[in-house]
Novice: 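One structure, pasted below without further comment.
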Amino acid sequence: MAKHSNLKEKFIHGLFLFNGLLVVIVLAGIFVLLVSKSAPAFKEIPLWGFLFKSTWNPTATFVSPTYGMGSMLVSTFMVSIGALAIAVPLGIGTAAYLSDIASPRVREIAKPVIEILAGIPSVVIGFLGIVLVGPVISKIFRLSSGLNALNGSILLAVMALPTIISLTEDALKSVPLSFKEASLALGATHWQTIVKVKIPAAASGIVAACMLGMGRAIGETMTVLMATGCSIAMPKGFLSSVQTITSTIAIELGEVPYNTTHYYALFAIGLVLFIITFIVNMISDIVLHKYQKVVK
Amino acid sequence: MRKIICLITMSAILLLGANIAMAKSDMVEIKGSDTLINVVQKLAETYMSGHPGSRISVTGGGSGTGIAALINKRCDIANSSRGIKSKEVEDANTQGVNPKRVVVAIDGLSIITNAKNPIDRLTVDEIGKIYRGDVKNWKDLGGSDTPINLYGRQSNSGTYDFMKEVVMKGEYSPNMKSMNGNAQIVEAVKQDLGGIGYVGVGYVKDAAGITVMQVASDPTLGYFSPLNPMDVKSGKYPITRPLNQYLNGDPKGAVKDFLVFELSKEGQDIVESEGFFAIPHEYHKYNNSTLGRTGEPEAKDTKYSVEGRDGA
């Protein structure tokens, strides 16, 4: 009997080890695939021009095809940083309200509603971008078309909000009650307590929340594909149409002939996207650890 | 108890497997051109209501996507608003696929602008200049002082290719906004005073808020509208094109039945009611040879077909 349960123990141990390793293997596999598929692209495309020139026209037939992802890089950063600029203040404000000010009744209603927001499919949000946000933007700024980077930023902000709100609220809640009590006892107002004590104490969690929100914004495809107008020229500002890295892959990978320079180049821009999100996640991890040490 | 659950699960899996296998055998999968999707969907609905038990699924994604799916054997029929490219034929042959073409409808590719734009006619040359980015303001074409906003399709679209290869004969301006489909272009141009777009004629039939341009290849020969069936059928409208379906090898079974229905009088009436045009006699001859109905030789293509260039 003892032997049997020992075997079972070992089996379960092995199973969990396998599950843990599987994640690492999948990640490593994706990375290897991306590198091996994108490497042939650089035999024909100079790396510098690929990253910084904005001349993406791989299906050109009247001139020779050109591969330069500069405008896509700028577009991707513009849209996601714009989204953060909208979502971070709103998200932290909402989280502070929910954790410190709202009555339990309001919280009970508001929290599930915010979670439902997270479940709206991206294609539906993209649709709202076309029929609602786009026309409003074109009216406010007197533009002929509302499909631009600002539209994408607003929609991505809506999509990143639930992540930022719930993670920030968790972080604020995990600040020990004694911090708040001490602050109030010293004569600080409620506002001062939230802004000067609670939010700094929860900073690590908040930064992690924002970085996760940014990760979502950079990788989002359908919404930006529908709402940003997809024009490959270098954007002149938030009111120009932009085409992000994800949009380009989504549009072109479906019909690209296999094992051509174009095919490899699409993997190469995918690799760039992978590296960007990897860096974003790593920064959030480093920040998280740093602040955790400070709080301790 | 466990055994029973196990048994139920296994039989469920088996049933599901059988179901999928059955579905595969008599289901016709059609994929591709966004220009063709509405009309083929209508054809499929009518066909299915007349043939109980038959199942046809029609999805979009663009001509390029459809042909790629045909090459990878993920669909039975690929809708395409352009001719198949020689590279695609090569790819298909290496995959053991032998693409055959059927022409199901004629399209007068329509150039649209906002209804408030006073310009109502353009030459093919001017359209090329506009989309290549050589002309940037409507005032250069005799209109008001409004910047031109280009709306086009994404590169997986057959209409995108047709426009580039046959009408513009050059590369698109990088400032063109790439839309997901015909309907989105119509919507965008409706809202944009300086907008211009290109869509299949089936999408402009009832659309309000836009002007359908009259187009001339040579202004001395006159301008023609794609909304006039006679001008499109006679080829006077300069940007007329056949809308194609590609299949793998000689059609048989449900695929052949459906193709025969599409090309019948009833099928072609549906094509016309959706705003496109019925195919002329020479294409019927061509289709018959594909379907193996008569031994007549393949018909020559019109001069605006992309096929010549692609050597298909």
Side-chain angles (χ1 to χ4, degrees), chain A residues 54-66 68 70-72 123 126-127 129-131 134-139 142-148 151 222 225-236 240-243 247-248 250-260 262-263 266, chain B residues 31-32 61-69 71-72 78 85 87-88 90-92 94-95 114 132-133 146-158 160-161 164-165 168-181 183-184 187-195 306 309-310:
Chain A
S54 41
T55 50
W56 185 263
N57 191 0
T59 52
T61 41
F62 292 94
V63 294
S64 54
T66 44
S71 63
M72 278 184 249
V123 66
F127 180 69
I130 294 174
V131 299
V136 169
I137 290 177
S138 69
K139 219 163 236 166
R142 297 177 182 282
L143 296 172
S144 51
S145 158
L147 298 176
N148 52 30
N151 193 337
M222 200 60 214
L225 184 63
M226 292 168 79
T228 58
C230 290
S231 145
I232 200 69
M234 180 60 96
K236 296 189 186 74
S240 352
S241 291
V242 297
Q243 180 166 327
S247 304
T248 308
I251 292 170
E252 293 173 13
L253 197 59
E255 52 114 26
V256 62
Y258 279 19
N259 303 332
T260 54
H262 184 191
Y263 177 78
L266 287 176
Chain B
K31 197 174 174 62
S63 303
T65 314
I67 290 176
I71 293 170
N72 297 322
K85 297 174 183 170
K87 174 84 180 89
E88 287 167 337
E90 268 170 45
D91 286 348
T94 51
Q95 301 280 334
N114 191 281
R132 289 194 301 267
T146 318
I148 298 176
N149 280 321
L150 304 173
Y151 292 91
R153 297 283 306 279
Q154 296 163 351
S155 61
N156 54 3
S157 150
Y160 173 99
D161 275 350
K164 187 172 99 169
E165 306 291 344
M168 293 158 54
K169 302 201 166 61
E171 295 297 329
Y172 284 106
S173 155
N175 288 312
M176 182 179 78
K177 296 182 186 27
S178 318
M179 301 284 124
N180 254 324
Q184 211 188 349
E187 279 311 307
V189 171
K190 230 184 244 182
Q191 289 169 16
D192 190 338
L193 279 178
V306 229
R309 178 190 62 83
D310 291 314

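Residue numbering restarts at 1 for every chain, and letters A, B, ... go by the order of the sequence lines.
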Novice: Checking A:S144 side chain against B:Q191 main chain: does a donor-acceptor pair fall under 3.5 Å?
Specialist: no

Novice: Check A:T66, A:N57, A:T59 against B:E171 for a side-chain contact (heavy atoms from CB on, under 4.5 Å) and give me the one that passes.
Specialist: A:N57

Novice: B:D91 versus chain A, heavy atoms under 4.5 Å apart: side chain, backbone, both or neither?
Specialist: side chain

Novice: Which heavy atom of A:I251 sits nearest a heavy atom of B:N156, and at what distance?
Specialist: O-ND2, 3.6 Å

Novice: Please flag which part of A:M226 lies under 4.5 Å from any non-hydrogen atom of chain B: side chain, backbone, both or neither.
Specialist: both

Novice: Which of the residues B:S155, B:A69, B:G62 is involved in the greatest number of heavy-atom pairs with chain A at under 4.5 angstrom?
Specialist: B:S155

Novice: Search all heavy atoms of B:Y151 against all heavy atoms of A:S145 and return the closest pair with its distance.
Specialist: OH-CB, 3.0 Å

Novice: Do B:Y172 and A:I232 have side chains that get closer than 4.5 Å, going by heavy atoms?
Specialist: no

Novice: What part of B:E187 is in contact with chain A, defined as an atom under 4.5 angstrom from a non-hydrogen atom: side chain, backbone, both or neither?
Specialist: neither

Novice: Testing the basics here: between B:K177 and A:S241, what is the closest heavy-atom pair and its distance to 0.1 Å?
Specialist: CE-OG, 3.0 Å

Novice: Pick one of side chain, backbone, both or neither for B:M179, based on which atoms fall under 4.5 Å of a heavy atom in chain A.
Specialist: side chain

Novice: Which atoms of A:I130 are under 4.5 Å from chain B, going by heavy atoms: the side chain, the backbone, both sets, or neither?
Specialist: side chain

Novice: Might you point out which heavy atoms bring A:Q243 and B:S178 nearest each other, and give the distance in Å?
Specialist: OE1-OG, 4.3 Å

Novice: I need the minimum non-hydrogen distance between B:E165 and A:T61, along with the two atoms involved.
Specialist: OE2-OG1, 3.0 Å

Novice: Measure the CG-OG distance between B:D192 and A:S138 for me, rounded to the nearest 0.5 Å.
Specialist: 8.5 Å

Novice: For a quick test of reading the model, state the closest non-hydrogen atom pair linking B:P174 to A:S231 and the distance between them.
Specialist: O-OG, 3.2 Å

